[in-house]
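Just so you know, residue 1 is the first one in the sequence shown, and it goes up from there. This one's a predicted model, so the numbers in the text were calculated from it and none came from an experiment. Computed from heavy atoms alone, side chains included, the values below leave out hydrogens, waters and symmetry copies.
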Amino acid sequence: MTLRPYSLVFALLFSMLTAPSAAEQSEVLPRLKFCVEDTEFPPFNYFKRIDGEKGESAGYDVDLLKLVFEPSGIEYKVVALPWRRCLKEASEGIIDAVMSASLNPQRAKEYFHSDAYYYLNPSYFYLRTDFPDGLDIQALSELESHGNICGIKGFNYVNFGWINLTKLYEINEISSLPTMLEKKRCRFFLARKETLAGTLALNNLHRFERLLGRSTVPNLKPEPFHMLISRRSAAAGLIQNLFNEKVKQLNQSGELEKLLEQHLHELRLNARNND
């Protein structure tokens, strides 16, 4: 019986010596890195403007990540990189996941992906003065007979029904679009209709939108967008399960719709203030 107090003291000391420190405990939870494209994809991701200068990343994606991961105490950061670099570093395991990505067979093979968390409508744009009566087409390929078709370098247009990617004239920045259309280097531009207005507004090109005609690509369903998750991420399963479950809850409660409308409202307000 006399040995019992010593046993308790020994056990306490042993537990103190072997227990992880606070710093070590913080290493138990993964520190995640998410990527958004630096060319901006409003209202889903874009940069806040401060006196006309780009500031920190903002948007639906950024706020959604906060709603998903902060309640679980999981540390993460959001980085904005060129789109191709986002995909490359996720493939290599440098980045854990990429936001706002459409799927194609190659991406489905190369990455894990979340459930779709929003949908957009593939569309094509043109100068109204070029086609004042619009265009009546049944497939996107019919546009080729009218002139060059442009898109952003690195974007996925397979879900537009655009198969012959070698004939797509790629541009680096949306800011060059007015020049490309006015000089007839492009007669058409491929974009999702829900994102182009915000993109033009952020680049002080919202007035140019009034000159554009627009049609959704015929015979296509709205295009689903996902988070692409690195197959090399040690937290891939955690990310996928937690994101899918939280998005499902937010969708059922109506919070996702409110979040999207909030960012659309902010973009409209900023566009009006720039007039």
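Aromatic pair F69/F34: centroids less than 6.0 angstrom apart. Centroid-to-centroid, the aromatic rings of F131 and H146 come within less than 6.0 Å.
Contact check for D130 versus K184: side-chain heavy atoms found under the 4.5 Å cut-off. Looking at F188 and L135, their side chains come closer than 4.5 Å, going by heavy atoms from C-beta outward. A heavy-atom distance below 4.5 Å is found between the side chains of Q262 and D63. For the pair I74/L242, a side-chain contact is recorded, criterion being any heavy-atom separation below 4.5 Å from C-beta on. For the pair S102 and R107, the minimum side-chain heavy-atom distance is below 4.5 Å. Within the 4.5 Å cutoff, side-chain heavy atoms of L212 are placed close to those of L127. Contact of the P43 side chain with the L260 side chain is registered, since non-hydrogen atoms from C-beta on lie closer than 4.5 Å. Counting heavy atoms from C-beta on, the side chains of M227 and I239 come closer than 4.5 Å.
Follow the hydrophobic side-chain contacts under 4.5 Å out from L200 and you reach F155 in the same cluster. Under a hydrophobic clustering in which Ile, Leu, Val, Met, Phe, Trp and Tyr are joined whenever their side-chain heavy atoms come within less than 4.5 Å, directly or via other members, Y60 and V79 fall into different clusters. Hydrophobic clustering, with ILVMFWY side chains joined whenever heavy atoms are under 4.5 angstrom apart, keeps L81 apart from L32. By the criterion of side-chain heavy atoms lying less than 4.5 angstrom apart, applied directly or through intervening Ile, Leu, Val, Met, Phe, Trp or Tyr residues, I94 is not grouped with L228; the two fall into different hydrophobic clusters. One hydrophobic cluster holds both M99 and L259 under the rule that ILVMFWY side chains link at heavy-atom gaps under 4.5 Å.
Within a 6.0 Å sphere centred on CZ of R185, other residues, nucleotides and ligands contribute 12 heavy atoms or fewer. Remark: K54 NZ is packed, more than 12 non-hydrogen atoms of other residues, nucleotides or ligands lying under 6.0 Å away. Counting heavy-atom neighbours within 6.0 Å of K248 NZ, excluding the residue itself, gives a total of 12 or less.
Looking only at distances, a side-chain donor or acceptor of E40 sits under 3.5 Å from a matching main-chain atom of F47. Between the side chain of R192 and the main chain of Y119, no donor-acceptor pair closer than 3.5 Å is present. Judged by distance alone, the side chain of Y157 and the main-chain N or O of I152 form a donor-acceptor pair under 3.5 Å. No donor-acceptor distance shorter than 3.5 angstrom exists from the side chain of Y126 to the backbone of C186, with no hydrogens or angles considered.
Between L140 and F160, the shortest heavy-atom contact is CD2-O, 3.7 Å. Across E110 and R231, no two heavy atoms sit closer than the pair O-CD, 3.4 Å. Residues I95 and A97 share a closest heavy-atom pair of CG2-O, 3.3 Å. Nearest heavy-atom pair across V36 and S57 is CG2-OG, 4.2 Å. In plain terms, the two heavy atoms of R84 and G154 that are nearest each other are NE-CA, 3.4 Å. The two atoms that bring Q138 and N219 nearest to each other are O-ND2, 3.0 Å, heavy atoms only.
By the 4.0 Å N-to-carboxylate-O rule, E89 lies close enough to R85 to be salt-bridged with it. A salt bridge between K258 and E261 is absent, with no side-chain N of the basic residue lying under 4.0 Å from a carboxylate O of the acidic one.
A ring-ring contact (aromatic ring centres under 6.0 Å, His included) with Y117 holds for exactly one of F44, F243, F225; it is F243. Residue N45 forms a side-chain hydrogen bond (donor to acceptor under 3.5 Å, both in side chains) with just one option from D61, D38, T39, and that option is D61.
Atoms NZ and CG, from K109 and L103 in turn, are 15.0 Å apart once rounded to the nearest 0.5 Å. Here the straight-line distance linking atom CD of E182 with atom CG of L177 works out to 9.0 Å at 0.5 Å rounding. Distance check, rounded to the nearest 0.5 Å: NZ of K221 to CG of N159 gives 12.5 Å. A distance of 7.5 Å separates CG in L143 from CG in L190, rounded to the nearest 0.5 Å. Rounded to the nearest 0.5 angstrom, R214 CZ and E209 CD are separated by 7.5 Å. Summarising the geometry, atom CG belonging to L181 is positioned 9.5 Å from atom CZ belonging to R187; distances are rounded to the nearest 0.5 Å.
For the 3.5 Å distance criterion, the side chains of Y118 and S100 qualify, holding a donor opposite an acceptor.
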Stepwise, does the side chain to side chain contact (heavy atoms under 4.5 Å, CB included) test hold for L220 with N121? CA-CA 8 Å; L220 287 182; N121 286 285; over 6 Å; no

Could you walk me through whether F189 and I171 pass side chain to side chain contact (heavy atoms under 4.5 Å, CB included), step by step? CA-CA 10 Å; F189 181 77; I171 62 177; 3.8 Å; yes

Given side chain to side chain contact (heavy atoms under 4.5 Å, CB included), test D96 with S230 step by step and report yes or no. CA-CA 5 Å; D96 292 283; S230 172; 5.6 Å; no

Check the pair H226, Y111 against side-chain hydrogen bond (donor to acceptor under 3.5 Å, both in side chains), reporting the backbone distance first and the verdict last. CA-CA 11 Å; H226 309 258; Y111 309 92; over 6 Å; no

Check step by step if side chain to side chain contact (heavy atoms under 4.5 Å, CB included) holds for L256 and V247. CA-CA 8 Å; L256 271 189; V247 165; 3.8 Å; yes

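For F125, there are no ring pair (Phe, Tyr, Trp, His ring centres under 6.0 Å) partners, not counting sequence neighbours.
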